[in-house]
Enquirer: 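Questions regarding the structure given below will be posed in turn.
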Number of protein chains: 2
Amino acid sequence: MAIKTKATEAPALPLNDILSGDCIEVMRGLPDASIDLIFADPPYNLQLKGELHRPDNSKVDAVDDHWDQFSSFAAYDKFTREWLAEARRLLKPNGAIWVIGSYHNIFRVGASMQDAGFWLLNDVVWRKSNPMPNFRGKRFTNAHETMIWASKSEGSRYTFNYDALKALNEGTQMRSDWLLPLCTGHERLKDANGDKAHPTQKPESLLHRVLIGSTNPGDVVLDPFFGTGTTGAVAKMLGRNFIGIEREEAYRKVAAKRIARVRTLDASALETAGSKRAEPRIPFGHLVERGLLRPGEVLVSPRGTTAKIRADGTLAGDSVAGSIHQVGAAYEKAPSCNGWTYWHFRRDGKTIPIDSLRQQIRAEMNN
Amino acid sequence: MAIKTKATEAPALPLNDILSGDCIEVMRGLPDASIDLIFADPPYNLQLKGELHRPDNSKVDAVDDHWDQFSSFAAYDKFTREWLAEARRLLKPNGAIWVIGSYHNIFRVGASMQDAGFWLLNDVVWRKSNPMPNFRGKRFTNAHETMIWASKSEGSRYTFNYDALKALNEGTQMRSDWLLPLCTGHERLKDANGDKAHPTQKPESLLHRVLIGSTNPGDVVLDPFFGTGTTGAVAKMLGRNFIGIEREEAYRKVAAKRIARVRTLDASALETAGSKRAEPRIPFGHLVERGLLRPGEVLVSPRGTTAKIRADGTLAGDSVAGSIHQVGAAYEKAPSCNGWTYWHFRRDGKTIPIDSLRQQIRAEMNN
DNA sequence: GCAACTGTTGAATCATCGT
DNA sequence: GACGATGATTCAACAGTTG
């Protein structure tokens, strides 16, 4: 028989679970100062009028879901203040929050965050490499969304894995603008009819960078607008604990099934660059972030030696760890080594140089 | 002797001049609905605590001017609401505004703009190609600033030179993220001591794109936080009128001297890529009237379906008759159809779009 | 097998003129 | 102001098929 929790004890934290219900009410049932990081993708409050057609007359499948409807700015502000207040209560003193939005809502959200006592650290722009164009030629292509990163309070000693992010970014410090593609193709979850399961599914590459940069393994990450569970899937893969809150049963089911398939990376893949590591000169980390190579995957050299990919784009080899170049040089007992041509990965029985993936990304980035 | 202005008359608009004083008070003296575009670079309300040093121990020359000091968010909001209210009153019904800021102030400004009745059109990110790094390694490089573009009201028919911007962007439509360098080198104005004349001088390239995209030659552009007059300099160069408001005499003097040196481009240089929407309308019946197409002649669609031309310039198709657009839409079961590009006629075995005949007539009209 | 081509799609506050 | 007619307008990525 379970021991009854005394009223004075904090309620237990339901780790790695998807909680059902309205996020404000559910958060009220969670204990103070228990969460390391919150990632929130709240409704954007889009105010679409009629239908929109492409030049070829096909209809744009817009976000017209009931959960995105608010009667006024005042109603949206009230909702925002309420969930932000609970979110802030749940954060540990050194906890932090990320909130994503578009120009429809992000200014109201950002002002409410400042009013609630959050301390803004950066706004980060997600630049979409493949945004939907503006079909009528009346405005600029809406090619980005904005994320606000804030600590619980002005004095918080928030987590920021500066060197891991620097390693992900060619050895120069990570900027406030991130170029990443939309969630499309096989990553985009489909329902039974083959339609998109959720209208606003975020790419895993975005959450990868957020979680690598502002959490450590074992941290507790809360997503109060869980949707199809991108936050949970990436958190599980990276060895973080997650708590999801989602109102719609259909989304919860899709998310649970998705997360069940995710395997947590083993400890060696989760090690990230220490602060004294030398700078890699090549953005090998982008291949990992983008899912072209998996953390934990093994690379092979021309002589058959191997090394394992870690989540921040460094390699762990036999008694040596570091950039693709450093591990290659160590294996060859050479002063230097071009890791791009030295290392290969396996696909469908073939051995392919990792440089082919770099070229693939470069082609996309040039656009 | 100057004729005295009656109280009922609108005060005259002081074009191409720098007005001295507090921007809210000066704006109160300007007439309603007289301005085409406002560009505003208000104080950012930076909240710097101590001094910041680079890794080499040199001191960063931060913005610590008295005009950037506000006692609280409430004080900043009050200031923001007041200048925005005046700005909106001054705009013509189809006028628009750009406001630039950073994460310290832009969320409060954006929310105040929505509350004041401005209709947000886009947020545009200025990505700095050469930002100042984060010296402490505690945050992301602050590599961008945010601009909000908004019309006076929801229904405003704001200016947007889509084709000119598309031409500026190598033929694809302009996105909401702009990569431009900081204002440095010879463009950066210096004072008598050789120090920068203003701490936040904006690059002319930024204003160039703003003014090309959202004004036409002869428009009146107001900048209520004129500083060293980048808005005025670019407006003059591009053949737009400007009104600047600046409180600090030192900045006014630098700006006046700077603008006096600017030469307006001649008319041919000011022409930009034109829009098809601006072309004169040609009724399809004119082609029949002019004998370019004969009544009874058969037009062909891309899918091979046909319709017969009638003497009044309408088409008779299978079980439907009407304009070239209506019959095309009916054939395609589409909500609309551009008949000019949809229908083709035959000459000498070739299939030619009827739009080529319209262009022929337009060319004749221009002679 | 590979290149070329076709079709689909993504958080969107997406028109203007004459009567 | 309401209403109907005109007619301008898309980029990148991916999947699937054709040659």
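Chain naming here is simple, since letters A, B, ... match the order of the sequence lines and numbering starts at 1 in each. Nothing here was measured: the structure is a model prediction, and the numbers come from that model.
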Enquirer: Under 4.0 Å between any heavy atoms, over every strand shown, what does B/Q173 touch: base, sugar-phosphate, or nothing? Just pick one.
Expert: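 Contact class for B/Q173: sugar-phosphate only.
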
Enquirer: Just distance, no hydrogens or angles: give the donor-acceptor pairs under 3.5 Å from side chains in residues 328-338 of chain B, sequence neighbours left out.
Expert:
residue: B/Y331; atom: OH; partner: B/T306; partner atom: O; Å: 2.7
residue: B/Y331; atom: OH; partner: B/D318; partner atom: N; Å: 3.0
residue: B/E332; atom: OE2; partner: B/R303; partner atom: NE; Å: 3.1
residue: B/E332; atom: OE2; partner: B/Y342; partner atom: OH; Å: 2.6
residue: B/N338; atom: OD1; partner: B/W340; partner atom: N; Å: 3.0

Enquirer: Calculate the interatomic distance between A/D65 atom CG and C/dA11 atom P; express it in whole Å.
Expert: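 Distance, rounded to whole Å: 12 Å.
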
Enquirer: 5'-most contact on DNA chain D: B/P335 or A/N130, nearest heavy atom basis?
Expert: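 First, find each residue's nearest nucleotide; the 5'-ward one identifies B/P335.
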
Enquirer: Considering only C/dA12, C/dA11, C/dG10, which nucleotide approaches the side chain of A/F135 most closely?
Expert: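 Given the options C/dA12, C/dA11, C/dG10, the side chain of A/F135 is closest to C/dG10.
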
Enquirer: When rounded to the nearest Å, what value does the distance between P atoms of C/dC14 and D/dG7 take?
Expert: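 23 Å, rounded to whole Å.
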
Enquirer: Send over the distance from A/D61 CG to C/dA11 P, rounded to a whole Å.
Expert: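 Rounded to whole Å, this separation is 10 Å.
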
Enquirer: List the atom of B/N94, the atom of B/R157, and the distance in Å for their closest heavy-atom pair.
Expert: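 So the minimum-distance heavy-atom pair works out to OD1-N, 2.9 Å.
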
Enquirer: With the threshold set at under 4.0 Å for non-hydrogen atoms, list the residues of residues 45-58 of chain A touching DNA chain C in residue-number order.
Expert: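 The stretch gives A/L46, A/Q47, A/L48, A/G50, A/E51, A/L52, A/R54 as the residues lying under 4.0 Å from the strand, ordered by number.
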
Enquirer: For DNA chain C, whose closest nucleotide is more 5', that of A/N134 or that of A/K190?
Expert: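 Here A/K190 is the residue nearer the 5' end.
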
Enquirer: Taking CD from A/Q69 and P from C/dA12, how many angstroms apart are they, rounded to a whole number?
Expert: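 Roughly 14 Å, once rounded to whole Å.
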
Enquirer: Within the structure shown, what part of the strands sits under 4.0 Å from B/C337 by heavy-atom distance: base, sugar-phosphate, or nothing?
Expert: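 B/C337: base contact, heavy atoms under 4.0 Å.
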
Enquirer: Does A/D41 reach a base, just sugar-phosphate, or nothing at all? Heavy atoms under 4.0 Å.
Expert: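 Counting heavy atoms under 4.0 Å across all strands, the contact made by A/D41 includes a base.
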
Enquirer: By nearest nucleotide on DNA chain C, pick out whichever of A/L182 and A/P133 is the more 5' one.
Expert: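 The 5'-side residue here is A/L182.
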
Enquirer: Heavy-atom count around A/K253 NZ within 6.0 Å, excluding the residue itself: above 12?
Expert: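 Incorrect, the count does not exceed 12.
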
Enquirer: Tell me if a side-chain donor or acceptor on A/T80 pairs with a main-chain N or O of A/Y76 at a distance below 3.5 Å.
Expert: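 Checked: pair present.
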
Enquirer: By the 4.0 Å heavy-atom rule, please label B/L121 as base, sugar-phosphate, or nothing.
Expert: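 B/L121: no heavy atom of the nucleic acid under 4.0 Å.
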
Enquirer: Would you say B/R175 reaches D/dA12's phosphate, i.e. side-chain N/O to OP1/OP2 under 4.0 Å?
Expert: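 No.
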
Enquirer: Does A/T184 contact D/dA12 through a side-chain donor or acceptor facing the base, at a distance under 3.5 Å?
Expert: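 In this structure, the two groups form no donor-acceptor pair.
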
Enquirer: When you compare D/dA15 with C/dA11, how far apart are their C1' atoms, in angstrom units rounded to a whole number?
Expert: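 About 23 Å, rounded to a whole number of Å.
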
Enquirer: One thing to verify: whether A/R209 and A/E204 come together as a salt bridge, which I'm taking to mean a side-chain N less than 4.0 angstrom from a carboxylate O.
Expert: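 Salt bridge between A/E204 and A/R209, a charged N being under 4.0 Å from a carboxylate O: no.
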
Enquirer: Determine: side-chain N/O of B/H325 to OP1/OP2 of D/dA5, distance under 4.0 Å, yes or no.
Expert: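 False: B/H325 side-chain N/O out of range (4.0 Å or more) of D/dA5 OP1/OP2.
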
Enquirer: Within the 4.0 Å heavy-atom criterion, would you say A/N142 contacts the bases, only the backbone, or no part of the nucleic acid?
Expert: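 A/N142: backbone/sugar contact only, no base atoms under 4.0 Å.
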
Enquirer: Once rounded to the nearest 0.5 Å, what's the spacing between atom CZ of B/R81 and atom CZ of B/R108?
Expert: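 One finds 9.0 Å between CZ of B/R81 and CZ of B/R108.
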
Enquirer: Are OP1 or OP2 of C/dA15 and a side-chain N or O of A/R136 less than 4.0 angstrom apart?
Expert: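 Affirmative; the distance criterion is met.
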
Enquirer: Can you check the distance between D/dG1 and C/dT16, where both ends of the measurement are the C1' atom (answer in whole Å)?
Expert: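 Result for the C1' pair: 15 Å, nearest Å.
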
Enquirer: Salt bridge or not for B/D32 and B/K92, using N-O below 4.0 Å?
Expert: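 A salt bridge is absent here (no side-chain N lies under 4.0 Å from a carboxylate O).
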
Enquirer: Could you verify whether a donor N or O on one side chain and an acceptor N or O on the other, from A/W149 and B/Y103, lie under 3.5 Å apart?
Expert: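 No, because no side-chain N or O of A/W149 sits under 3.5 Å from a partner of the opposite role on B/Y103.
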
Enquirer: Using a cut-off of 4.0 Å on non-hydrogen atoms, how would the nucleic acid contact of B/K166 be classed: base, sugar-phosphate, or nothing?
Expert: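 Counting heavy atoms under 4.0 Å across all strands, the contact made by B/K166 is with sugar-phosphate only.
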
Enquirer: In whole Å, what separates the C1' atom of C/dG1 from that of D/dT18?
Expert: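 After rounding to an integer number of Å, I get 14 Å for this pair.
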
Enquirer: May I ask you to verify if any side-chain N or O of A/S129 is less than 4.0 angstrom from the OP1 or OP2 atom of D/dA12?
Expert: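 No, outside the criterion.
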
Enquirer: Rounded to whole Å, how long is the line connecting atom CG of B/L315 with atom P of D/dA5?
Expert: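 That distance rounds to 15 Å.
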
Enquirer: Please report the distance, rounded to the nearest Å, between CZ in B/R157 and P in D/dG1.
Expert: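 Those two atoms, CZ and P, are 11 Å apart.
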
Enquirer: Who are the side chain to side chain contact (heavy atoms under 4.5 Å, CB included) partners of B/R88, not counting sequence neighbours?
Expert: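 Only B/F118, B/K152, B/S153 meet the side chain to side chain contact (heavy atoms under 4.5 Å, CB included) criterion with B/R88.
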
Enquirer: Before accepting this row, confirm whether a basic side-chain N of the pair B/D163/B/K166 lies closer than 4.0 Å to the acidic partner's carboxylate O.
Expert: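 So B/D163 does not pair with B/K166 through a salt bridge.
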
Enquirer: Between D/dG7, C/dC14, C/dT16, which nucleotide gets closest to the side-chain atoms of B/N338?
Expert: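 When the side chain of B/N338 is considered, D/dG7 is the closest of D/dG7, C/dC14, C/dT16.
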
Enquirer: Heavy atoms under 4.0 Å, any strand shown: does B/T341 hit a base, just sugar-phosphate, or nothing?
Expert: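 No contact at all - B/T341 keeps every heavy atom at 4.0 Å or more from the nucleic acid.
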
Enquirer: Is A/R252 paired with A/E248 through a side-chain N to carboxylate O contact shorter than 4.0 Å?
Expert: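 So A/E248 does not pair with A/R252 through a salt bridge.
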
Enquirer: Just call it for B/P283: base, sugar-phosphate, or nothing, with non-hydrogen atoms closer than 4.0 Å on any strand.
Expert: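 The answer is nothing, as B/P283 stays clear of every strand by at least 4.0 Å.
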
Enquirer: Under the salt bridge (Lys or Arg N to Asp or Glu O under 4.0 Å) test, which residues partner B/R294, sequence neighbours left out?
Expert: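 With neighbours one apart ignored, the set is B/E297.
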
Enquirer: Look at all strands and tell whether A/R139 reaches a base, only sugar-phosphate, or nothing, counting heavy atoms closer than 4.0 Å.
Expert: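 The residue A/R139 makes base contact.
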
Enquirer: Give the rounded distance in Å between these two atoms: CG of A/N193 and P of C/dT9.
Expert: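 Rounded to whole Å, this separation is 13 Å.
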
Enquirer: Heavy-atom count check: over 12 atoms from other residues, nucleotides or ligands less than 6.0 Å from A/K350 NZ?
Expert: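 Check fails, neighbour count at 12 or below.
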
Enquirer: Using a cut-off of under 3.5 Å, enumerate the N/O to N/O pairs linking the protein to nucleotides 5-7 of chain C.
Expert:
none

Enquirer: So what stems show up for DNA chain D if we need 3 or more Watson-Crick or G-U pairs in a row, all under 3.5 Å?
Expert: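 So the stems come out as C:2-10 with D:11-19, C:15-19 with D:2-6.
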
Enquirer: Has the side chain of A/D68 got a donor or acceptor atom that lies under 3.5 Å from a matching backbone atom of A/L46?
Expert: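 Judged by distance alone, yes, a pair lies under 3.5 Å.
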
Enquirer: Starting at atom NE2 of A/H66, determine the distance to atom C1' of C/dA11, rounded to an integer number of angstrom.
Expert: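 One finds 16 Å between C1' of C/dA11 and NE2 of A/H66, rounded.
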
Enquirer: Under a 3.5 Å distance rule, please check whether A/K202 uses its side chain to pair with a backbone N or O of A/T200 as donor and acceptor.
Expert: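 Present.
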
Enquirer: Would you say B/Y162 reaches C/dA15's phosphate, i.e. side-chain N/O to OP1/OP2 under 4.0 Å?
Expert: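 No, no such contact exists.
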
Enquirer: Which whole-number value in Å describes the distance from B/I282 CD1 to D/dA5 C1'?
Expert: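 Value for this atom pair: 17 Å.
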
Enquirer: Counting only side-chain N and O atoms of A/K138, is one of them less than 4.0 Å from OP1 or OP2 of C/dT16?
Expert: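 So the side-chain polar atoms of A/K138 do come within 4.0 Å of the phosphate oxygens OP1 or OP2 of C/dT16, strictly under.
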
